[in-house]
Each structure stands twice: as structure tokens, then as C-alpha cells.
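Please read these numbers as outputs of a predicted model, since none were measured by experiment.
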Amino acid sequence: MKAMKEESTEIKQIHDDKDLICSLCKRCDNIPEKYGEKITLQQHNLTVHYFCLLMSSGICQRGEEDEDVHGFLVNDIKKEIRRSSRLRCMNCKKVGASVGCSIKSCRQMVHMPCGLEQEFIFQFTDLFPSFCKKHAPSQSCVSSPSLPLSCSVCLEPIEPVLSYNVLKCPACHGSWFHRNCVQHYAHSAAMFFFKCTLCNNKDQFQQEMLRMGIYIPERDAAWELEENAYEDLLQVYQHCDAVKCRSHKGRKYSSQSGYFEIVRCKLCGSRGTHRKCSNLKLYESDWICADCKAAVEGKKSMPLPNHVESPLAIRQERKRLFKNISDIHSSLISKRQCVPATSPEVLMDLAHQISQQQSTEVLVEDDDGVMEAALRVLRQSDFNPYCTLSVKFSKDKHSNNIRNQRRFLRCLVSKLQMSEIFEGPDGSKNLALNSKALRDDLYFEVGSLLTLSLVHGGPPVGFFSPALYHSLFNYPTNYRPTLQDLGDTAFAHKIRQIAEAKSMKELRQAMQSASQYLEAAGCWRRISKLSEKDMLVEDVLNFYLIIRLQLPLQRFREGLRTLGMFEQVQMCTEAFHSVFCGPVERLTAESVMELFTVRFSEEKEQQEKENTTVHFWKKYLHECETGRCAASLEDLLTFATATDLVPSIGFHPTPSISFFSSPDPSCAFPQSHCDASHLFLPILPSYELFKKHLDYTVCQFSIMQDI
């Protein structure tokens, strides 16, 4: 049996020479990812491509790995050259064809490079078989992808028709590749890093690519082997790039501290300035260079082309710019830090991209008009996802932006769950197939709105089904759709009848009842054993929940890429599972107590009174949890922070409690500062009075919010 040897292995007496001709294929090309390493044995006057040896039909590897050419003995190579000299290539019509189709009845012979031109498939595994175009393995298209699609490596348009030159991922069915692109990718990433660029599946993806003739080197990635590849990372940028440098010692001078210490751009790290040269204060270390500032805030520096006139063209151009700026920031984030371990840390890092100097105004009629207002803003040609949100409710007399924003995001997530692109029970939604939503690109927009909500401090999504989360992020990797994912629908009822059939008669009746669904899914077939029903149900579930939804899933993923969210979730899929799938954790007395930090006074006598108030506070929370108070824990949290759910990103700043005394305890009522998530509790003589005042204040606040 032949065995592949790593290309970079050093062998004595072997040298590369780009001008020498391969003794087997008669070509001088030196393209390692296409023909393998070109090796010359000078003392034997012999040059061969490694792949020409591997694929030759009349030679086997009889030596040790370090003998001659990776175990191919010189005498055996010469015999193969003599054997092939009598065989004519079907492509170039010249003699020397050493590669034949592995199907015994097939007589097609080619040179290895000619085989590539004739769409031969060479499998770099097991016995290294070769297959002509007629007998080559192929992939099956289980769904009908709609245009436009792009290659997942080069991002150029790709015709979604499986062929020799077009391949797809067998795991997610949503990632398509040009053959040349995926081969270049495999040669660079190699076995340890070669995986689907969309779903990150590795084992199944590699097996399929080997089957379809993609060569995967058994080594580390090319970028890991390059000498001094990461040398630049050990160097710190030390240069003042200000327009006018005020340092008398030059632009490269940096003091240990003070005005002439060089501060680097906090986004890219590849630009710097002296504090003095950019008018920074001594304690300031956060500075953004002009290039990064233009990317973050400078939407005006990238105006729409003059030729874009129609609303549709403007919208398409806006989405193109929107995607470009998202890609810029996604790459900046991944370069400047490792992936945090928790979802709040990831979201907080993404939120650092939001500019506090620029804002997008969101005008909302009332809670029912939240989704319409959000879509209206998102569809504006000049919408910039890196601006903060300034939310105003037309019927609301309050002008508190934090309160309005949290109310807006809370309502938005609720409305998105009920939108037409989702179906299934509350708290476990799947994507629905809606042609109008596809035409309006609503899947992209909802994905983008969910991202904006999470990054701007909205509540957890909490309504994705496990099947939907798996389809988007391939987590858990071994997850299989179940009947519970279908919810309570007529279709689900018919599939359950098939799954619960206890005899062949019941199974046939159930299949006949669901025949229209089975035919539409391509799953209508003859069943001879009762045990085959499980595979039938699994195929139907895969079609209904995954395969038929490939285009909606693709557009939804693109929406989630806003601000770089999708890429970050892919790297922390376990941490984000509870954010998207829920159920949303209910408030408890203990969880509310942990949210708030208590600020005590410095005076010891005052601290004793405050400790008593803290005891009242804890007792009140426990009574709220058990329903013995007029207010609920959710009402109390809303009063203090303007939201009844803990945001996925967490509270910033952390909710806190301080105390105040009043000469007249009967007039001492709790107060709140929502912008700072701060609660002021009165120091009162008894728990009964404390409870009475807190109940009254929180309930009055809730009533005012509903007006």
C-alpha cells in the first residue's frame, strides 16, 4: 500500500529544480498543491512529481519512508517509466501515460496533469485510486439553492450546480467552493486547520473533500511553519504619526510616562502619537487613529456613488458598505485580543465599537410600532450600525434615553419572536420558509436587529430552538433534530404518527396520510421493515428543519454578521447557547441581591442603620419572590434599571444601592436613577413602613409606565 509523506520532509540527495522535466508526465511545472513536490535525484538523473508517483498504476511503495523518493525505490520508478512509455494518453495523445482509471473495465489512461484537465478525480487516501470523468464520484444536491451564492473561500459568485469544479460542504450544505479555491485552502491550512469555513465541521468535511479528490497535507498549517512568521508580533509600534510632532527628540522617541509617551491606537495598534501631539491628558490612554476613526465613525467618508439613483440600488449599495465596514471591525476585534470566555465579555468587546459621539435617532409611535420603527431605521441608506441609538417614544413624556432604549429593545425582541420568519412554540422557534420575507430580505434584517439589540444592551434572545441554533452555529456538533423541534402543527402530527407506528399496517397508513409531505421532501419510498421508520423520520426532519431552509439560514447568518457578532459566537458557541436558546432565567431574590452593590457610609453609626435597611431589603426581595408584596421582582428591577430582564451584556455600570435619611420618615420614599442603575433606599424605623413605601413607589412607577 502506498503512504503519503509530508512534503517538507528532507531527504538526502533530493533537490528541486524548476527547469527539469518530470520523467513520468514530461512537464516541468513546479506547483506543489497541484502536482505535489518536484523531486530530483541527481546521481540517478531522475526527476518526478510526487503526485505522479502516488497515482501511477504500476508502482507501489516498497522501501522505507527515508529511502529514495519517500519510499518509492529508484528501480521501481524506472520500471514504471518504461511501462508507461508504451501507453498513450487520451488527452495529449503522447506516450508516457502512467495513470489509469481504477474501474477495471475502463481503459482510459492519462498523464497525471492531463488527468486534472480531463476532470479525473485522484483520491489521496487508502490505495490512492484514480477515476475518470465517467466513473468519478459525485456529490448530491439535497436542496435547491437560490442565487446569488458565492464561493466560501474567494467570495466570488459561484453557480450553485454541483460539478467537477464546484463542491459543497456535506455537513451544512450551505458552503460552496470552487475546486481550485478549496485546494489552495487545503494546501495552506493542512490537516490540522482544514475545515468548513461556514459551519466549522472538520471530520466530515475532510472525508468528503478527500473523496472528491482534494489533497490535504499531513502537516501543520503553512503559516505555522514559516520561519519568523510571528516576529512582528514581538515588536511594539513606536512612532508618532501626528501631523505635527512636538517632541524635540524626534517621532521615534517615547518616554516611560508623561506627555511624550507614545500612545498606540486602541483598535489597530499600528499607529501612534505622543500625548502632547494629540492634546491627550496625562491619564488618557485610549486613542484612535484617523484611519480607524474613519472606519468606525466616518460613514460620510464613503459616500454612495453618484450613479446609484433607484431606491433598490441605494439599498443594495448601503448593504454592501454595511458589510464592508462590518468585516473591517470583525477583523480588528479578532486581531487585538483572544476570545473571552463568557458571552457578556464578548458582547462588551463588540460594544466598544459603538461611537458615543454619533447617534441614530429612532422615533417610535408606541410599543406596537417598535418593529416597524426598527426596520425603517435599518433600511435608511445612511444607516451606520456603529452609532449609538437615541430612542424617543412620541407618546412618552419622559426623555430618559436609557429607559427608552431598554424599553425599545425589550419590545423589539418580543416582536421579532412573533414575526413571520419564525414558527413553532414560544421559546423554541425555528425559521419559517416565507417567500415574501425572502424577497424583502427580512431574514437578513431580523438577524441584524437581533445583533444590534444584544450589543446595545437588550435582553437575551431566548427563543431559538436547539435545531435552529445548531443549523446556524453547528453546536452541539452531534445534535440531531427531534420531533419536539417541529412544535404542534398538522405536519408534526403526521410525522409523529409515522414515528409511533407499532406495526407495518399502521406505518403504511401513516405514510399514506403524510404522502404529500414525504413526496415534497423527497422521502417517499418503499419500507419493508418497521425499523426503517426511524431513518425515514430523521430524513424528513433534516429536510424540513435544515435542507429546505438553506437560503433563509444563509441570509439570517449574514444579518448576524453585523458588528462581527456571528464570528464571535462561532468561537464561543457553548457560552452563547443560553443567550439564544433560553429559557430566559427567571429572577429570584438571590439573583437580584447579587446584582446590586451596596455602598455604605464611612461613619460607623450610620453603617449600623444602613445594615438594618439592607436586612429589610433582603426580606422584601424574598417576600416579592413568594408573592407577598404588591410589587414583583420584575417591577422592582424595572424601577431601578428600566428593564425587567438582565441584559445579555450585563449592566454597565453595575447596579448599586445607597441610603438616605429623612427628618420625616412618613415622607421618605425610595428613588432611582436609571441611567446609573442606582437605587436610593430610605432609612426607616420598621420593616412594615419600609415595605409600604417600597410597594407604593414601585407600583406607582409601573402605573406611570403603562399610561
Among residues at least two apart in sequence or on other chains, which ones pass side chain to side chain contact (heavy atoms under 4.5 Å, CB included) with Ala432?
Glu423
Where is the tightest heavy-atom contact between [X] and [Y], given as atom of each residue plus distance?
X      : Y      : answer
Leu442 : Arg379 : CD1-NH2, 4.2 Å
Cys277 : Arg246 : SG-N, 3.2 Å
Gly447 : Leu560 : O-CD2, 3.5 Å
Leu454 : Pro460 : CD2-CA, 4.4 Å

Find the distance between [atom1] ([X]) and [atom2] ([Y]) and round it off to the nearest 0.5 Å.
X      : Y      : atom1 : atom2 : value
Tyr237 : Cys289 : OH    : SG    : 9.5 Å
Lys195 : Cys169 : NZ    : SG    : 12.5 Å
His577 : Phe473 : NE2   : CZ    : 10.5 Å
Cys172 : Gln554 : SG    : CD    : 10.0 Å
Ser254 : Arg275 : OG    : CZ    : 9.0 Å
Asp367 : Leu412 : CG    : CG    : 11.5 Å

Go through it in stages, so that I can follow the logic: the residues are Val346 and Phe576, the test is side-chain contact (heavy atoms from CB on, under 4.5 Å), and I'd like the CA-CA distance, side-chain angles, deciding distance and then a yes or no.
CA-CA 10 Å; Val346 175; Phe576 273 92; 3.8 Å; yes
Partners passing salt bridge (Lys or Arg N to Asp or Glu O under 4.0 Å) against [X] (at least two apart in sequence or in another chain):
X      : value
Arg271 : Asp291
Arg264 : none
Lys392 : Glu361
Lys415 : Asp368

[X]-[Y] side chain donor-acceptor pair, cut-off 3.5 Å:
X      : Y      : value
Thr638 : Asp635 : no
Asn430 : Ser465 : yes
Ser390 : Ser359 : no

Tested for side-chain contact (heavy atoms from CB on, under 4.5 Å) against Leu595, the lone hit among Ile657, Thr654, Leu637 is Leu637
Criterion side-chain contact (heavy atoms from CB on, under 4.5 Å) against Ser453, the qualifying member of Val461, Leu416, Val413:
Val413
Residues in ring-ring contact (aromatic ring centres under 6.0 Å, His included) with [X], at least two apart?
X      : result
His456 : none
Phe463 : Phe422
Phe680 : His678
Tyr185 : Phe194

Could you tell me whether the side chain of [Y] reaches within less than 4.5 Å of the side chain of [X], counting heavy atoms only?
X      : Y      : answer
Ile421 : Phe556 : yes
Thr273 : Cys240 : yes
Thr573 : Asn474 : no
Arg439 : Lys436 : yes
Arg557 : Leu553 : yes

Considering residues, nucleotides and ligands other than Gln238, do more than 12 of their heavy atoms fall under 6.0 Å from its CD?
yes
Among all residues two or more places apart in sequence or in another chain, which pass the side chain to side chain donor-acceptor pair (under 3.5 Å) test with Thr360?
none
Of all residues at least two apart in sequence or in a different chain, which pass the side chain to side chain donor-acceptor pair (under 3.5 Å) check with Ser152?
Ser175
Please tabulate, one pair per line, all N/O donor-acceptor pairs under 3.5 Å involving side-chain atoms of residues 581-588, not counting sequence neighbours.
residue, atom, partner, partner atom, Å
Thr588, OG1, Ser591, N, 3.1
Thr588, OG1, Ser591, OG, 3.1

Parallel, tilted or perpendicular: which describes the rings of Phe464 and Phe580, with under 30° parallel and over 60° perpendicular?
tilted
Working for side-chain contact (heavy atoms from CB on, under 4.5 Å), residues Phe596 and Leu621
CA-CA 12 Å; Phe596 287 85; Leu621 291 179; over 6 Å; no
Full working for side-chain contact (heavy atoms from CB on, under 4.5 Å) between Asn434 and Tyr443
CA-CA 9 Å; Asn434 187 303; Tyr443 293 95; 3.7 Å; yes
